[in-house]
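The basis for the numbers below is simple: all heavy atoms, side chains too, and nothing from hydrogens, waters or symmetry mates.
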Amino acid sequence: MGLYITAWFEGKDKKGKWFLANPRFVNLDNPEKVNPPQALDLRMDKNYLLYAALGDVRNDYSIPYIQRLRGIPGDATPVVKEEAEIAYDSIGKGYVTAKELKSYYESYKNDKDEVVRAAAGFVWELYLNLLHICYGVRNDEENYLDIDDTRLIFWFE
């Protein structure tokens with residue numbers, strides 16, 4: 001039996017309002033329709049070093065963490081709030097900003113402890129996945145979502 005993470009990616013628009021930035025794929029049966037949003041599949045299943053770094057969860061190696069699960073932000077998007085409310089919550093819910101992910105990596109990428117360096121590597125991989133999503137959220141002028149205006153909301157099941 002393992003512990004799984006459910007994650008949602010939000011970005012802030014030019015007016016400062018959060019929106020769901022998860023990729024939404026086009027429905028092939030009706031290309032004008034976009035499928036409803038779903039949690040991100042970031043291949044983070046059972047990565048206990050990442051869980052520990054994100055929220056001090058399953059932290060058997062006592063590695064540094066970004067935050068203790070601080071709950072869902074009050075200004076989360078309605079979809080995320082609804083999903084969080086109905087989710088089975090075995091450990092807790094939290095969120096991290098992309099800035100926090102980058103800062104964590106920069107702080108621990110050269111740590112003397114091999115396990116801490118590995119956790120930093122997983123955090124960096126997550127950051128790069130989110131950056132990739134940002135490049136897919138763009139307007140007609142080819143401006144894209146700034147990674148510094150994003151956060152990842154997650155919980156463990």
Side-chain angles (χ1 to χ4, degrees), residues 1-13 16-25 36-138 144-157:
M1 184 163 190
L3 184 67
Y4 297 92
I5 189 169
T6 299
W8 296 84
F9 188 49
E10 293 184 333
K12 196 179 281 190
D13 66 18
K17 184 176 180 187
W18 290 102
F19 66 91
L20 189 61
N22 288 30
R24 295 182 202 132
F25 301 102
Q38 296 183 6
L40 292 180
D41 177 12
L42 297 176
R43 310 222 185 303
M44 298 188 304
D45 292 347
K46 297 183 185 177
N47 184 335
Y48 295 143
L49 292 180
L50 180 62
Y51 296 177
L54 288 176
D56 196 25
V57 172
R58 297 275 171 105
N59 196 353
D60 297 335
Y61 296 98
S62 299
I63 66 170
Y65 51 87
I66 297 171
Q67 50 96 41
R68 285 230 162 103
L69 298 174
R70 53 190 169 201
I72 303 297
D75 59 353
T77 59
V79 169
V80 173
K81 284 181 179 178
E82 181 180 335
E83 291 293 327
E85 197 169 297
I86 63 174
Y88 171 72
D89 183 3
S90 66
I91 292 183
K93 297 175 174 117
Y95 68 96
V96 293
T97 65
K99 288 179 184 178
E100 289 173 317
L101 294 172
K102 185 175 183 180
S103 176
Y104 184 93
Y105 173 73
E106 293 297 330
S107 297
Y108 298 109
K109 66 182 179 184
N110 296 317
D111 196 89
K112 65 181 189 297
D113 186 329
E114 178 182 340
V115 176
V116 174
R117 285 194 314 273
F122 290 127
V123 166
W124 187 243
E125 184 179 325
L126 174 58
Y127 178 87
L128 293 176
N129 278 323
L130 299 179
L131 182 62
H132 176 74
I133 293 170
C134 286
Y135 287 119
V137 180
R138 58 181 66 221
Y144 58 87
L145 176 60
D146 185 342
I147 187 82
D148 288 340
D149 291 331
T150 66
R151 64 186 176 196
L152 187 72
I153 300 174
F154 54 90
W155 53 86
F156 298 93
E157 302 178 75

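Around atom NZ of Lys81, more than 12 heavy atoms belonging to other residues, nucleotides or ligands sit under 6.0 Å away. Within 6.0 Å of the NZ atom in Lys109, the count of heavy atoms belonging to other residues, nucleotides or ligands exceeds 12. Residue-environment remark: CD (Gln38) stays at or below the threshold of 12 foreign heavy atoms within 6.0 Å. In the displayed structure, Glu82 atom CD is contacted under 6.0 Å by at most 12 heavy atoms of other residues, nucleotides or ligands.
The shortest heavy-atom contact between Trp18 and Thr77 is O-CG2, 3.6 Å. Nearest heavy-atom pair, Arg58 versus Tyr48, reported as atom, atom and distance to 0.1 Å: NH1-OH, 3.0 Å. Ile66 and Glu100 make their closest contact through CG2-CB, 3.8 Å (heavy atoms, listed as atom of the first residue, atom of the second, distance). Nearest heavy-atom pair, Ala39 versus Trp8, reported as atom, atom and distance to 0.1 Å: N-CH2, 3.3 Å.
No donor-acceptor pair under 3.5 Å is formed between the side chain of Tyr104 and the backbone N or O of Ala119. Although no hydrogens or angles enter the test, the distance criterion places no donor-acceptor pair under 3.5 Å between the side chain of Arg70 and the main chain of Gly94. Formation of a donor-acceptor pair under 3.5 Å by the Glu10 side chain with backbone atoms of Thr150 is not found in this model. The backbone N or O of Ala52 lies less than 3.5 Å from no partner atom in the side chain of Tyr61, so there is not a single donor-acceptor pair. Listed for the Ser107 side chain is a donor-acceptor partner under 3.5 Å among the backbone atoms of Ser103. Tyr127 contributes no side-chain N or O that, together with a main-chain N or O of Ile147, makes up a donor-acceptor pair within less than 3.5 Å. Proximity of a side-chain donor or acceptor of Asn22 to a complementary backbone N or O of Phe9 within less than 3.5 Å is detected.
With respect to Leu152, the side-chain contact (heavy atoms from CB on, under 4.5 Å) criterion is satisfied by exactly one of Leu126, Thr97, Ile5: Leu126.
At a threshold of 4.0 Å, the pair Asp56-Arg68 counts as salt-bridged, since one of the basic side-chain nitrogens sits closer than that to a carboxylate oxygen.
Taking the six-membered ring for Trp and thresholds of 30 and 60 degrees, Trp124 and Tyr105 have nearly parallel ring planes, at less than 30 degrees apart.
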Dump the intermediate steps for side chain to side chain contact (heavy atoms under 4.5 Å, CB included) on Val123 and Leu50, then the final yes or no.
CA-CA 6 Å; Val123 166; Leu50 180 62; 3.9 Å; yes
Pair Leu69-Phe154, side chain to side chain contact (heavy atoms under 4.5 Å, CB included): steps then yes or no:
CA-CA 9 Å; Leu69 298 174; Phe154 54 90; 3.7 Å; yes
What verdict does the side chain to side chain contact (heavy atoms under 4.5 Å, CB included) test give for Leu40 and Ile133, after you've listed the backbone C-alpha separation in whole Å, the side-chain angles of each residue and the deciding distance to 0.1 Å?
CA-CA 10 Å; Leu40 292 180; Ile133 293 170; 3.9 Å; yes
Mind running side chain to side chain contact (heavy atoms under 4.5 Å, CB included) on Phe19 and Leu145 for me, showing each step along the way?
CA-CA 11 Å; Phe19 66 91; Leu145 176 60; 4.0 Å; yes
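Here the straight-line distance linking atom CG of Asp75 with atom CZ of Arg151 works out to 4.5 Å at 0.5 Å rounding. Interatomic distance, Leu131 CG to Asp146 CG, rounded to the nearest 0.5 Å: 9.5 Å. For the atom pair CD of Glu157 and NZ of Lys93, the computed distance is 8.0 Å after rounding to the nearest 0.5 Å.
Using a 4.5 Å heavy-atom threshold, the side chains of Val116 and Leu49 count as separate.
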